[in-house]
There are 2 protein chains.
Amino acid sequence: MSPTEVLSVTDISACCTPITREPMDAAGAELLAKSLKALADPARLRLLSLVASHEDSEACVCDLTEPLGLSQPTVSHHLKVLVDAGYLEREKRGTWAYYSLTPDALTSVSGLISGL
Amino acid sequence: MSPTEVLSVTDISACCTPITREPMDAAGAELLAKSLKALADPARLRLLSLVASHEDSEACVCDLTEPLGLSQPTVSHHLKVLVDAGYLEREKRGTWAYYSLTPDALTSVSGLISGL
DNA sequence: TCAATACATCGACCGTTGTCAATCTATTGG
DNA sequence: CCAATAGATTGACAACGGTCGATGTATTGA
């Protein structure tokens, strides 16, 4: 679970060819699969969605726990997965941790899927 | 694992709003997560890639087993997952089963991710 | 009718993952 | 310095998912 194990989505788009262009090699498939696994969870999709549509496009954990209906540790866990995968950025201000969308992260992975 | 449990990707794009538009409801997140889970596996990504770049944009199981380095039952399993999720179509001709990309399936899910 | 081939299904094994309660670590206010 | 609050981390548990060998089912060709 160390940071180096996961390659940020934005970096992947710089190293791999889209799905339909040519047969993907094993390494590229592994990387893209990891990025997609981070997305492929209902709680995490809703988290991204909540952050994106929140005021100032950022939100702290306390804003997210209640609408999701999950415990605080679980929400923190999902946020960590999204940060490690490069979809979210985390900024600590005082007691709070504010999360915001990494620019272009979603469009990057989207581009790899659609083939451009 | 019944067919009715899984909603085809193409249908999802007709029923759900993209991630960043507004907070996703639980049901929509569940559906999109299921579609993404079907994609989020290295073997399945390579299968889609192999089928797409194969001659006539279709391939039978025997074409796919060797380049993937997985057993025939495992390949069949992954292909079933992709068909159930709506990414692949299956046509049986004689002894062989030919798989081809469902038109617009990848672009549909890609659109839901990128926000348009 | 029989053997061979292509593919699907089943059952089992095992590593992965989502979840929570409990605990730990700041940081702020008094 | 102490209490309260926000959040991360840990440990445990159950559910899920990828894999394979063995077996089942069509279909073709002889």
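In the text below, chain A, chain B and the rest are named by the order of the sequence lines, each starting its count at 1.
- What separates CG of A:Asp84 from C1' of C:dT16 is a distance of 16 Å, to the nearest Å.
- The two residues A:Ser35 and A:Val9 come nearest to each other via the heavy atoms OG-CA, 4.2 Å.
- Atom CD in B:Glu91 sits about 15 Å away from atom C1' in C:dC7, given to the nearest Å.
- Residue A:Arg90 places no side-chain N or O under 4.0 Å from the OP1 or OP2 atom of D:dG7.
- Applying the salt bridge (Lys or Arg N to Asp or Glu O under 4.0 Å) definition to pairs two or more places apart or across chains, none involves residues 106-115 of chain A.
- Looking at residues two or more places apart in sequence or on another chain, you find a side-chain hydrogen bond (donor to acceptor under 3.5 Å, both in side chains) between A:Thr74 and A:Ser71.
- Atom NZ in B:Lys34 sits roughly 13 Å away from atom C1' in D:dC16 (whole-Å rounding).
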Nucleotide-resolved protein contact map, nucleotides 19-30 of chain D, B/S/- at heavy-atom distance under 4.0 Å | BBBB----SS--
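- When atom types are taken as modelled, the side chain of A:Asp25 and the backbone of A:Gly28 share a donor-acceptor pair closer than 3.5 angstrom.
- Contacts between residues 56-63 of chain B and DNA chain C, defined by a heavy-atom separation below 4.0 Å, involve B:Cys60, B:Val61, B:Cys62, listed by number.
- Heavy atoms of A:Tyr99 sit under 4.0 angstrom from primed sugar atoms or phosphate atoms, though from no base atom.
- Using a 4.5 Å cut-off on side-chain heavy atoms (C-beta onward), B:Leu45 and A:Leu36 make contact.
- Going from atom CD of B:Glu30 over to atom C1' of C:dG18 covers 12 Å, rounded to whole Å.
- Sorted by first and then second residue, the salt bridge (Lys or Arg N to Asp or Glu O under 4.0 Å) pairs involving residues 85-98 of chain B (not counting sequence neighbours) are B:Glu58-B:Arg93, B:Glu91-B:Arg93.
- When all heavy atoms of A:Ala52 and A:Leu101 are compared, the pair lying nearest together is CB-CD1, 3.7 Å.
- Sorted pairs that involve residues 60-69 of chain A and meet side chain to side chain donor-acceptor pair (under 3.5 Å), not counting sequence neighbours, are lacking altogether.
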